[in-house]
Q: 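Below: one structure in structure tokens.
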Amino acid sequence: MAGTWIAAICTLGLMSFVIKDSPLYRLAEYTFLAVGTAYSFVLSLERLNPVIITPIKQGKYTIFIPVALGLLLYSRFFRGKQWLMGFPISVTIGVGLGLSLKGIVSSEIVKQLSDTYTSIGSLEGVLIFVGVICVILFFYFSRSNTGANPPVLAVARKIGRVFLMIAFGCMFSNVILSRMTLLLGRIKFLLGDWLNII
Amino acid sequence: MKYLINIDHRIIYILVIISITLPLIAPLNLPVDASEEVTKIYQKIDSLMPGDTVLLLISYAAQNEVEMKSQSDSVISHLFSKEGIKIVSAALVESGNIYLNQYMSSYASEYQKEAGRDFVNLGFVYGGEVAVANLANDIHQAAPADSDGNLLADLEMMKNIKDGSDFDLVINFGATQLWSIVRYITDVYNVDLVSGIEAVFAIRFLPYYVSGQLDGYLNGLVGAAGYESLIGIRGPASKHMDPLSSSSMLIIVLIIVGNISYLVEKRQKFSDRSAR
Amino acid sequence: MNRNNLFLGITVIITLTTLVAGFFDLSIFNTISANLVNWSVVIGLVALATAIISLMRMHVKRIMTRRREWFYSLYFIVVFTAVCSIGLIYSSRGQPFMYVVNNILVPLSTTIYSLLGLWMATAAYRAFRVRSIDSTILLVTGIIVLLGSTSFGAAISPVFARITIFIRLIPTTAASRGILISGGLGAIALGIRILLGVERGHIPGQSK
């Protein structure tokens, strides 16, 4: 009961923004930021035990290397020592880059291109093939800006543009559905759980 | 017509609230159908056999609770009703942990399942994309202990589950890490993947579905309602379809009215200019 | 050796190790790569307090210098400390912490994005204009797909659902795939630029 009232006050506080920016809205906004940050922090702190303490207890002392590297990131608070952050940043960027390059090449380029090519057997497959090529050519921005471009490129870009507009129209409808779903959830809470009207 | 050209935004807000409230008070109960991509998820879960292992991942944030919880409620209740399957669960975002704990607690209590024997809840796994790659490579290294602090090496169920190849199906909710699940689990280990996706992100993952990297997906609340129709219940998603439909119709009407008023205003300005 | 070249060298070696492990089945590279991936998670976890410290410093400075609306910063620090204390004392799965999460965090999270529904309606009336062929195609497609996705549209005519399926499976898939591939090529180009040392923005104290 009290919990429902607290939730309702928080909800109405944030919603008061549609009328105007008020102290109630500001309090709700800062409450959200504070509680959200605290929640993420607490949950992440609890991960220290299984990810760091447990391997140490199991005798896996190599875990001290990334712990030391992670601690180097605190050098940003000491004047003249910020360069030490370069070590952990280089490691994380290197890992992220290696993983994503491999993932992008295999999942997003090879797999997608091969599926585009192998599905040509049907009318739908031909349409998708034409669409994909035209959309990729649409994003070819390093074409010559002086002189004539090949007519094929101009036509391909026009077709690509049509495909993109249709896709954006589809995305637009999904965005409307998604946003309206969020709003109806809050209205249902206020009228149902809080006021018991529905 | 003059009034239509400049409707106050507060009137629009009131119209939106009415369009959502009325169907909630007086529901029309219009029928809901399941589309092909929703049916494929149902078939994948229905075809699970005793002994199969499922990786259940929750990666949606609290702000998407309305559409995503409807999806995960119906799919997970169907999953939990399958006998003899083993579930390893994890949350890839902090707020996903809220819902994951609720589901796994109910699995233990309502379905009389035992942690460590029938399921293992890894809790929140920190790291985003790298966490997914870490889980795929070596689960015992990514999460040495479950959410209760029990070492994975000591759990009976985890003795034969080491990496992504040991799963028969991956079920994910949330678009946040779906692309990394495709990159590091599905494509590397050739594991079936089905996912619930927020409507706002669903279009981005269509190429994965068409290419077969994603075996089925739920598109927001509409997908959730479709899944409820397959499992034979008229749950919250189905009940929310009426207000969702009416508010969407209002948006369409507002677009049309807005454009009519724009064209009328444009014509008036043109005729004023030519009169001068 | 120049410090920046050292950091670039570390990035290149680690990237190449992870790439080789991804494309080839060589056990030594697989082991090193798996360990590096785990290290990356550990580094992030150890460093998570840096964001909190920066945030607190900003708010404390606002309070000390009595900048405009400094009391909100004080409120932030008090609430943050209180919630953190509850979480650390009772654990994140404890009743008190879950009470705060379920009755404050979740309602606020859902509300903040729900306002977009109202603004979307205003934008639909004021901003979504048919000014050109492109915008016409976009709006017409949007309206048809919206009708095809909802039960009202299905009640009007089943044609909308069929057209929606066609629109999703063919032009939208083609465009999304084109965007995915183009984005992937762009990411590869950026990766190569980082590996060649052309992009150095990630190295502290460096610009391109």
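Reckoned from all heavy atoms, side chains included, excluding hydrogens, waters and symmetry mates. Just so it is clear: chains get the letters A, B, ... in the order the sequence lines come, proteins before strands, and each one is counted from 1. All figures in this text were calculated on a predicted structure; none of them were measured in a lab.
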Q: Check whether Leu43(A) gets within reach of chain C through its side chain, its backbone, both or neither, counting any heavy atom under 4.5 Å.
A: side chain
Q: Measuring heavy-atom distances to chain A, does Asn102(C) have an atom under 4.5 Å in its side chain, in its backbone, in both, or in neither?
A: neither
Q: What part of Val18(A) gets within 4.5 angstrom of chain C, counting heavy atoms only: side chain, backbone, both, or neither?
A: side chain
Q: Aromatic contact between Tyr72(C) and Tyr30(A), with the criterion being ring centroids under 6.0 Å apart: yes or no?
A: yes
Q: Can you see whether Arg177(C) engages Thr116(A) through a side-chain donor-acceptor pair at a distance of less than 3.5 angstrom?
A: yes
Q: Which region of Leu27(A), side chain (C-beta onward) or backbone (N, CA, C, O), has a non-hydrogen atom less than 4.5 Å from a non-hydrogen atom of chain C, or is it both or neither?
A: both
Q: Which bit of Asp115(A) is near chain C, if near means a heavy-atom gap under 4.5 Å: side chain, backbone, both or neither?
A: both
Q: Which bit of Arg186(A) is near chain C, if near means a heavy-atom gap under 4.5 Å: side chain, backbone, both or neither?
A: side chain
Q: Any idea which heavy atoms bring Leu101(A) and Ile188(C) closest together, and the distance?
A: CD2-CA, 3.7 Å
Q: Please classify the contact between Leu48(C) and chain A as side chain, backbone, both or neither, with a heavy-atom cut-off of under 4.5 Å.
A: both
Q: Sub-3.5 Å donor-acceptor pair from the side chain of Gln112(A) to the main-chain atoms of Leu180(C), do we have one?
A: no
Q: Sort Ala2(A) into side chain, backbone, both or neither according to what part of it lies under 4.5 angstrom from a heavy atom of chain C.
A: both
Q: With rounding to the nearest 0.5 angstrom, report the CZ to CD1 distance, Phe32(A) to Ile104(C).
A: 12.5 Å
Q: Top residue by heavy-atom pair count (under 4.5 Å) with chain C, among Val67(A), Leu184(A), Leu127(A)?
A: Val67(A)
Q: For a quick test of reading the model, state the closest non-hydrogen atom pair linking Cys10(A) to Asn103(C) and the distance between them.
A: SG-O, 4.4 Å
Q: I need the residue from Ser40(A), Pro23(A), Ala8(A) with the largest number of non-hydrogen atom pairs under 4.5 Å to chain C.
A: Pro23(A)
Q: Under 4.5 Å from any heavy atom of chain C, what part of Glu124(A) do you find: side chain, backbone, both or neither?
A: both
Q: Taking all non-hydrogen atoms of both residues into account, name the closest pair between Ile128(A) and Ala174(C) and its distance.
A: O-CB, 3.7 Å
Q: In a check of side-chain contact (heavy atoms from CB on, under 4.5 Å) between Leu185(C) and each of Val105(A), Ile109(A), Ile104(A), which one passes?
A: Ile109(A)
Q: What are the two closest heavy atoms between Ile43(C) and Pro88(A), and how far apart are they?
A: CG2-CB, 3.9 Å
Q: What part of Tyr75(C) is in contact with chain A, defined as an atom under 4.5 angstrom from a non-hydrogen atom: side chain, backbone, both or neither?
A: side chain
Q: Taking every non-hydrogen pair under 4.5 Å, which of Ser100(A), Gly103(A), Gly94(A) racks up the most with chain C?
A: Gly94(A)
Q: Sort Phe87(A) into side chain, backbone, both or neither according to what part of it lies under 4.5 angstrom from a heavy atom of chain C.
A: both
Q: Of the backbone (N, CA, C, O) and the side chain (C-beta and beyond), which part of Arg161(A) lies under 4.5 Å from a heavy atom of chain C, both, or neither?
A: side chain
Q: Hey, which of Leu69(A), Ile9(A), Ile133(A), Ile176(A) has the most heavy atom pairs under 4.5 Å with chain C?
A: Ile176(A)
Q: Among Leu99(A), Leu97(A), Ile63(A), which residue has the highest count of heavy-atom pairs closer than 4.5 Å to chain C?
A: Leu97(A)
Q: From the options Val145(C), Leu147(C), Ile144(C), select the one residue that forms a side-chain contact (heavy atoms from CB on, under 4.5 Å) with Ser173(A).
A: Val145(C)
Q: State, to 0.1 Å, how close Glu46(A) and Ser92(C) come at their nearest heavy-atom pair, and which atoms those are.
A: OE1-OG, 2.6 Å
Q: What are the two closest heavy atoms between Ile179(C) and Val135(A), and how far apart are they?
A: N-CG1, 4.1 Å
Q: Mind ranking Trp5(A), Tyr39(A), Phe129(A) by heavy-atom pairs under 4.5 Å with chain C and telling me who comes out on top?
A: Tyr39(A)
Q: Is Val175(A) in contact with chain C via its backbone, its side chain, both, or neither, using a 4.5 Å heavy-atom distance?
A: both
